[in-house]
Number of protein chains: 2
Amino acid sequence: MKQLPHKTIARLSQYRRSLLMCYANGKNHIYSHEIAKIQHITAVQVRRDIMLIGYTGTLRKGYNIKELIDIISKIIDSKDVIKVCVVGVGNLGRAMVNYFSGKRTKLSIVACFDTDPNKINKKVTGVKCYSVDDMKKIIKQKNIKIGIMTVPADKASETADKLVSAGIKGILNYTPKPVYVPKDVFLEEYDMITSLEKVAFFVKTHIER
Amino acid sequence: MKQLPHKTIARLSQYRRSLLMCYANGKNHIYSHEIAKIQHITAVQVRRDIMLIGYTGTLRKGYNIKELIDIISKIIDSKDVIKVCVVGVGNLGRAMVNYFSGKRTKLSIVACFDTDPNKINKKVTGVKCYSVDDMKKIIKQKNIKIGIMTVPADKASETADKLVSAGIKGILNYTPKPVYVPKDVFLEEYDMITSLEKVAFFVKTHIER
DNA sequence: AGATTATTGTTAATAAAATAACAATAATAC
DNA sequence: GTATTATTGTTATTTTATTAACAATAATCT
Ligand SMILES: NC(=O)c1ccc[n+]([C@@H]2O[C@H](COP(=O)([O-])OP(=O)(O)OC[C@H]3O[C@@H](n4cnc5c(N)ncnc54)[C@H](O)[C@@H]3O)[C@@H](O)[C@H]2O)c1
Ligand SMILES: NC(=O)c1ccc[n+]([C@@H]2O[C@H](COP(=O)([O-])OP(=O)(O)OC[C@H]3O[C@@H](n4cnc5c(N)ncnc54)[C@H](O)[C@@H]3O)[C@@H](O)[C@H]2O)c1
């Protein structure tokens, strides 16, 4: 299959979650416009995404939910569980561990790291916190592939470097500081401050115009 | 000025933060490629964004940091402080309040809301938590303009509705459930689960190819 | 002083994403 | 059984965002 657009991948993840809900409620078929309504996007967008992954529904009956879930899963899940770690177990890091722990089957947070002696060797919702000094060792040992960064902003780039040199293949950076990674490592950055400022900007222009 | 692209707004917020740092370190001028390096984007992108806001630097001297900060602030900040509330003071909500409280001058979290009696009327890092039942009243009273949603997913749409009917003008939705808002309310949604799955997808395709 | 270099600002080109248009057709209505 | 309707799948168009190209010129070099 051709390379899927990033945005499509993101939407597929969301479709799947909605589809799982519908399926759990006993629904077996769904129309593009129903999916669209749930996601608050257009039906064309949905059909286009589904077209891109090569699945076809049935005319006037819609898509078979079970089949669609399976196809999406085949695309976005990997065969084996992908192991994830969280670096920096502060407020945000703890929220993350808490939220994800024991939830996903194909993505599993198996370790976290911190510099704070009060946190090292404790457990966070069942996930052990190690010293950053052992990062390389643990990541290799446990075969961790993804790192979520929730360290203070001024520790962002050193943390990214450590993750990369430990052999991590994907980073989700929640610090507001952009980091550099070699191009064989996938990087996703999200800056909450910027998001809030963006909302504020549009609110402002709305109010002041 | 023409309507600025959303992406430009987001980058301006990030430029400003970097510029403030540089300025604090005693730097007075900066080249487009220096800004680009900090943000890990291209210099053209930076120049283009700066062009769009109508600022001009000086040839071979770069941009005057102070001036640029002021111009960006004039664009993205509003004249008065914009008040923000957080709905759902769980792990994530608490992290947010904690992080933002007392930090920004033009954006201020002034209230949070929850349904849990153990949280109502307590303070979260100095910010009072009210009952959701008083949401409308408090939002109007305090003239709150932006709501950050960190409630459980199944409470997302009712929460959005309440915020809208209370007169909120911007929503930052951190639940994985898309919500509907009328078009005079600016909506920004961010789904952490999807982000992580996206990283996992690219890691997988990298590993399996 | 004249040549060279580094840098901006802007237009042009390309790429990515979203939306629109519409042909095909199964299901339903009459 | 024919017409109508609702829905998919796909191509075409438009919009948005990024990248490239390059002219203009201030600063520096020789
Ligand atoms: N909490 C939020 O809602 C929020 C909002 C916007 C941005 N952020 C960003 O997220 C990041 C974390 O925020 P937070 O509120 O959780 O901060 P926090 O201070 O609560 O947590 C930071 C954690 O990182 C640990 N740490 C420090 N240096 C480290 C290192 N070198 N290696 C590993 N761990 C280290 C600290 O011990 C602490 O446990 C920050 O970069 C912040 O800017 C957070
Ligand atoms: N924590 C994370 O890292 C993380 C990651 C991905 C997604 N999310 C999403 O963020 C949201 C919050 O996550 P969390 O981990 O903080 O959950 P949480 O359970 O810790 O917090 C939810 C809070 O909302 C309150 N609440 C419940 N119903 C409410 C209502 N109707 N009105 C107001 N408050 C109400 C609860 O009392 C609780 O304090 C969820 O939608 C979750 O899916 C969180």
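Chain identifiers are assigned alphabetically (A, B, ...) following the order of the sequence lines, protein sequences preceding nucleic acid strands; residue numbering begins at 1 within each chain.
The salt bridge (charged side-chain N to carboxylate O under 4.0 Å, His left out) search around B:D191 returns A:R17, not counting sequence neighbours. For A:E34, the salt bridge (charged side-chain N to carboxylate O under 4.0 Å, His left out) criterion is met by A:K27, not counting sequence neighbours. For B:S32, the side-chain hydrogen bond (donor to acceptor under 3.5 Å, both in side chains) test picks out B:R47, with sequence neighbours left out. In this structure, B:K183 has no salt bridge (charged side-chain N to carboxylate O under 4.0 Å, His left out) partners at least two apart in sequence or on a different chain. The salt bridge (charged side-chain N to carboxylate O under 4.0 Å, His left out) check on A:E158 picks up A:K162, with sequence neighbours excluded. By the ring-ring contact (aromatic ring centres under 6.0 Å, His included) test, B:Y55 pairs with no residue at all, sequence neighbours left out.
In the 5' to 3' direction, nucleotides of DNA chain C lying under 4.0 Å from heavy atoms of chain B begin and end at C:dT5 to C:dA12.
Counting only residues at least two apart or in different chains, salt bridge (Lys or Arg N to Asp or Glu O under 4.0 Å) contacts with residues 75-97 of chain B comprise A:E208-B:K79, B:R16-B:D77. For residues 8-33 of chain A, the pairs satisfying ring pair (Phe, Tyr, Trp, His ring centres under 6.0 Å) are A:Y31-A:H33, with sequence neighbours left out. Listed by first then second residue, pairs satisfying side-chain hydrogen bond (donor to acceptor under 3.5 Å, both in side chains) with a partner in residues 165-175 of chain A read A:K169-A:D184, A:N173-A:T175, A:N173-A:E189, A:Y174-B:Y190, not counting sequence neighbours.
Using a 4.0 Å cut-off between charged nitrogen and carboxylate oxygen, A:K66 and A:D70 count as a salt-bridge pair.
Against DNA chain C, the stretch residues 59-67 of chain B makes heavy-atom approaches under 4.0 Å through B:L59, B:R60, B:G62, B:Y63.
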Notebook entry, point to check: In the 5'-to-3' direction, what one-character label does each nucleotide of nucleotides 10-20 of chain D receive under the scheme B = base within less than 4.0 Å of a protein heavy atom, S = sugar-phosphate only, - = no such atom?
Noted result: BBB----SSBB

